[in-house]
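The shown structure was predicted, so the numbers you read here are calculated from the model rather than taken from an experiment. The analysis underlying the following values was restricted to heavy atoms, covering all of them including side chains, and did not include hydrogens, waters or symmetry mates. Chain identifiers are assigned alphabetically (A, B, ...) following the order of the sequence lines, protein sequences preceding nucleic acid strands; residue numbering begins at 1 within each chain.
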Number of protein chains: 2
Amino acid sequence: MCELLGMSANVPTDICFSFAGLIQRGGGTGPHSDGWGIAFYEGDGYREFRDPHPSIHSPIARLICDYPIKSRVVISHIRQANVGQISLANTHPFTRELWGQHWSAAHNGQLANYQALALGTYLPVGSTDSEYVICWLLNQIRQHFPVPPAQAHTLWQQVHTWCEELRRLGVFNLLLSNGEYLFAYCSTKLHWLTRRAPFGEAHLCDLEMQVDFQQHTGDQDIVTVIATEPLTSNEAWQKMQPGELVVFQAGEKVYQAFGRF
Amino acid sequence: MCELLGMSANVPTDICFSFAGLIQRGGGTGPHSDGWGIAFYEGDGYREFRDPHPSIHSPIARLICDYPIKSRVVISHIRQANVGQISLANTHPFTRELWGQHWSAAHNGQLANYQALALGTYLPVGSTDSEYVICWLLNQIRQHFPVPPAQAHTLWQQVHTWCEELRRLGVFNLLLSNGEYLFAYCSTKLHWLTRRAPFGEAHLCDLEMQVDFQQHTGDQDIVTVIATEPLTSNEAWQKMQPGELVVFQAGEKVYQAFGRF
């Protein structure tokens with residue numbers, strides 16, 4: 001299994017604090033030492049950092065902690081390999097271009113019989129179940145929506161339907177984004193919280209570290225963080241239900257749908 | 001204009017020395033201070049680092065110099081913006097998946113009337129002429145070769161034809177790779193050299209720095225470096241001709257074709 005971390009915000013925000021907690025689980029407080037990756041959306045742009053080595057020993061991961069990259073959407077993943085060897089090609093997040101946008105996704109879980117799903121435009125590069133089904137999901141979106149739909153909720157509903165299909169194949173916790181929407185789909189385990197004024201202090205679970213968000217934020221800032229397990233010990237994280245999809249936009253929850261089986 | 005740097009090698013090789021020279025031109029000895037990027041192919045995997053800030057001041061660029069990432073193919077670019085604002089979305093290299101491979105490219109030059117080229121599967125995310133025509137080129141490959149051709153030289157010949165078409169629109173120096181082949185196409189300015197045993201010492205042009213490759217290489221190593229301008233002052237760089245395409249594989253030149261107009 002692996003751990004996921006996501007962020008959606010209405011202003012460019014750095015994720016140094018949460019990421020510092022997450023990477024402890026990559027060979028430190030957790031066993032997820034088979035690589036890690038993080039994707040940042042900055043304006044229309046996108047960049048990602050990936051490393052097939054344990055995050056806790058990675059100089060690139062240390063740089064991400066120390067160099068505040070301001071972003072509105074972040075997706076990160078630390079890996080404990082099950083399907084697919086430890087390699088850069090098998091390191092999340094996986095990215096493809098659709099509608100002239102960078103779509104990026106990371107998966108936690110393990111799936112059976114996924115090879116029966118027919119692929120199309122997007123093909124996997126590595127050998128994981130995760131990349132395979134993310135390609136399938138993007139192919140579904142591309143086929144059903146050759147251009148972005150006028151009503152975004154038709155996209156959100158369809159994505160929920162396809163995620164439910166994938167959940168029938170095993171464990172499928174997913175973070176997916178095009179830089180505007182952040183889709184969080186829960187199969188077994190995913191938590192989120194939204195920080196907004198009045199901001200307070202937060203304490204990491206995995207590291208002796210706290211931050212007073214009041215000193216780093218403006219009154220209008222809205223920042224949602226999503227993680228497999230709560231990253232802080234003194235905040236009220238919302239636990240998602242199996243089959244639940246929540247879509248965030250600019251830090252706010254804009255859509256929620258629940259499991260059908 | 002911008003500067004390009006590429007590498008093709010038969011063993012995983014780091015590019016720290018050449019990259020240290022290149023980034024001096026990004027705000028130091030050269031004016032290319034509008035961002036930089038570098039793509040590494042490692043096995044089937046691919047990763048890239050991009051930054052819309054001057055390379056000479058970038059902590060990420062410093063990390064690349066200090067942290068030897070071993071790779072068989074590298075493409076790098078430092079930018080002096082002409083078409084498209086300074087932003088992450090407009091920072092080379094540009095990447096798309098084709099045939100289950102990461103294809104990556106960087107361009108030096110400026111093109112006119114490129115918007116008349118019809119696009120297909122691949123769409124640009126940013127607003128540069130470079131990304132537009134790279135998408136067009138990958139669409140051409142995809143349409144003509146739905147699967148990788150049995151004879152690679154049919155691909156190389158076609159890529160040369162399409163590059164010649166683009167050269168008619170302006171200045172089009174290109175580095176393109178799928179992790180196996182490195183295509184170097186010259187419109188106005190591109191140089192390359194191949195290092196192999198017996199290895200010697202090399203001196204950077206842009207920085208007081210030399211390296212004795214004999215201490216860092218094996219007898220069988222073959223490493224080709226391609227750059228807009230020679231990076232070292234004491235080696236014999238080959239100057240490419242307008243319209244010339246050279247394809248490298250595992251450090252060796254495997255194809256060469258010359259301009260037709």
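- Proximity to chain A (any heavy atom under 4.5 Å) is restricted, for B/Pro124, to the backbone atoms N, CA, C and O.
- Atoms CD1 and CZ, from B/Ile60 and A/Phe49 in turn, are 4.0 Å apart once rounded to the nearest 0.5 Å.
- By number of non-hydrogen pairs under 4.5 angstrom with chain B, the leading residue of A/Glu42, A/Arg96, A/Glu131 is A/Arg96.
- For the options A/Asp51, A/Thr91, A/Ile69, heavy-atom pairs under 4.5 Å to chain B are most numerous at A/Asp51.
- For chain A, no part of B/Ser87 is nearby; none of its heavy atoms comes within less than 4.5 Å.
- B/Arg47 places no side-chain N or O within donor-acceptor distance of the main-chain N or O of A/Glu48, the cut-off being under 3.5 Å.
- Most heavy-atom pairs under 4.5 Å with chain A, from the set B/Leu63, B/Leu119, B/Asp66: that is B/Leu63.
- Here CG of A/Leu123 is found 12.0 Å from CH2 of B/Trp99. Values are rounded to the nearest 0.5 Å.
- Note that the OG1 atom of B/Thr95 and the CD atom of A/Glu97 stand 11.5 Å from one another [nearest 0.5 Å].
- Nearest heavy atom pair, residue B/Thr121 against residue A/Thr121, reads CG2-CG2, 3.5 Å.
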